[in-house]
Number of protein chains: 2
Amino acid sequence: MVSAITTFTGGQHGRWRIVGNEVVAGEPLHPAERLDVVVGRVGRSSKTPTWLLRGIPSYERYVNRRERAELEASSPPLGRPEATHAALIPITKSPAWWDLPQDERREIFEEQSHHIATGLKYLPAVARRLYHGRDLGEPFDFLTWFEFSPAKAAAFEELVIMLRETREWIYVDREVDIRLVRDPA
Amino acid sequence: MVSAITTFTGGQHGRWRIVGNEVVAGEPLHPAERLDVVVGRVGRSSKTPTWLLRGIPSYERYVNRRERAELEASSPPLGRPEATHAALIPITKSPAWWDLPQDERREIFEEQSHHIATGLKYLPAVARRLYHGRDLGEPFDFLTWFEFSPAKAAAFEELVIMLRETREWIYVDREVDIRLVRDPA
């Protein structure tokens, strides 16, 4: 498990070109041209990004042993050469969500909303990584990151639409959907 | 739920006098005379503490609805006038613990080790608060804080001994036990 803080900067620099920046709920993020992903804490002054979001991969909060095995068996690595499209979807959940006990969060997350099962259907097409920001005092509780090839872009749209229709999403207070295309290496 | 980062400094200042500092597992903490507890991020230079530990109360990782209700019904606040004794027990768990899926961590934590049920037996005598440091990149995963009156000191020893004999404690890599007595207000 990678456990270093990772920083996503929106601004004029970075290997990823921002081709979409839509607010789904709550406050938007300012428009920016490019995105950079840096492992570590980047100082707010470096290259003066328009915005800067941080998260840490951390440990899993809901996945059980069986689900873990299924996820590991079909999860591709990040950085596949053909995965030139990406999405960064920062999400903040409501106080009501965080006030739920663990068993009820798990129940809504998987038994009602099938978050893990749905994600599994889109593996290995869509590679993903979850970064946690809540305990860091970041504006977003989570930074969700997805990578896929242009051929799988429609599948990714399906995945996003399905998740947003779930009961879990009632607890999403803020969500921004940033789409990206990678420059050739 | 309080969600601000809290800083514990060991040094020459603070309302709590350090009367015990024993390493239970792993690296010790340097000797210090006094402890201060500050809500917020204290700069490393402020009053040059010997050591400085940070954590955030965060949300609950294992407690279910029934357990939450029981805990809330019997948990006293911090800062009771008669609770002049305290313990700060910073703990770090092993990579093997963090690599377990959620359901197995819960199983060890409660069904096997009865961590919540044991703690409940000592409420309201022993007030407690848990601070999370792992995602902050702190040296300790948890800072556990307990307050009790001198009359309940023996009960607190019982609680600590019982927890250290559990299966959960096999996963504790580092633990320091700091005992404190509060100055009169």
Side-chain angles (χ1 to χ4, degrees), chain A residues 1-7 39-42 54-73 75 92-111 115-116 130-143 171 173, chain B residues 1-7 39-42 54-73 75 92-111 115-116 120 130-143 171:
Chain A
M1 186 180 65
V2 181
S3 61
I5 284 182
T6 299
T7 303
V39 176
R41 274 183 186 280
V42 175
R54 293 191 182 101
I56 187 160
S58 197
Y59 61 97
E60 292 154 347
R61 306 300 209 261
Y62 302 108
V63 170
N64 67 30
R65 169 71 59 180
R66 180 186 54 74
E67 292 156 353
R68 161 92 67 88
E70 288 180 31
L71 288 167
E72 286 183 349
S75 289
T92 294
K93 284 182 172 168
S94 65
W97 172 263
W98 295 110
D99 200 40
L100 290 172
Q102 173 72 25
D103 56 336
E104 296 186 15
R105 276 183 277 112
R106 158 73 200 194
E107 169 79 17
I108 294 167
F109 182 83
E110 188 56 22
E111 280 67 45
H115 192 132
I116 300 163
L130 175 66
Y131 301 85
H132 297 255
R134 183 174 175 80
D135 282 358
L136 302 177
E138 283 289 305
F140 291 99
D141 291 340
F142 306 103
L143 306 175
Y171 295 92
D173 266 5
Chain B
M1 188 181 65
V2 182
S3 61
I5 284 182
T6 299
T7 303
V39 175
R41 276 183 184 277
V42 175
R54 292 193 184 100
I56 187 159
S58 196
Y59 60 98
E60 293 154 346
R61 307 299 210 261
Y62 302 109
V63 170
N64 67 31
R65 170 71 61 179
R66 180 185 54 75
E67 293 156 351
R68 162 93 66 88
E70 289 181 32
L71 288 168
E72 286 182 350
S75 289
T92 295
K93 284 181 172 168
S94 65
W97 172 263
W98 294 110
D99 199 39
L100 290 172
Q102 173 72 25
D103 57 335
E104 296 185 14
R105 276 183 278 113
R106 158 74 199 193
E107 170 79 17
I108 294 167
F109 182 84
E110 189 56 22
E111 279 67 45
H115 192 132
I116 300 162
L120 270 168
L130 175 65
Y131 301 85
H132 297 254
R134 182 174 175 79
D135 282 357
L136 302 176
E138 283 289 306
F140 290 100
D141 291 341
F142 307 103
L143 306 175
Y171 295 92

side-chain contact (heavy atoms from CB on, under 4.5 Å) with A:Asp103: which residues, sequence neighbours excluded? A:Pro101, B:Asn64, B:Arg65
Go through the atoms of A:Arg106 and report whether side chain, backbone, both or neither lie under 4.5 Å from a heavy atom of chain B. neither
Measure the OH-CG distance between A:Tyr59 and B:Asp135 for me, rounded to the nearest 0.5 Å. 6.5 Å
With a 4.5 angstrom heavy-atom cut-off, is it the side chain or the backbone of B:Arg68 that approaches chain A, or both, or neither? side chain
I'd like to check A:Gln102 versus B:Glu60 (side-chain heavy atoms, cut-off strictly below 4.5 Å). Are they in contact? no
Apply side-chain contact (heavy atoms from CB on, under 4.5 Å) to B:Ala96 and list each qualifying residue two or more places apart in sequence or on a separate chain. B:Ser94, B:Tyr171
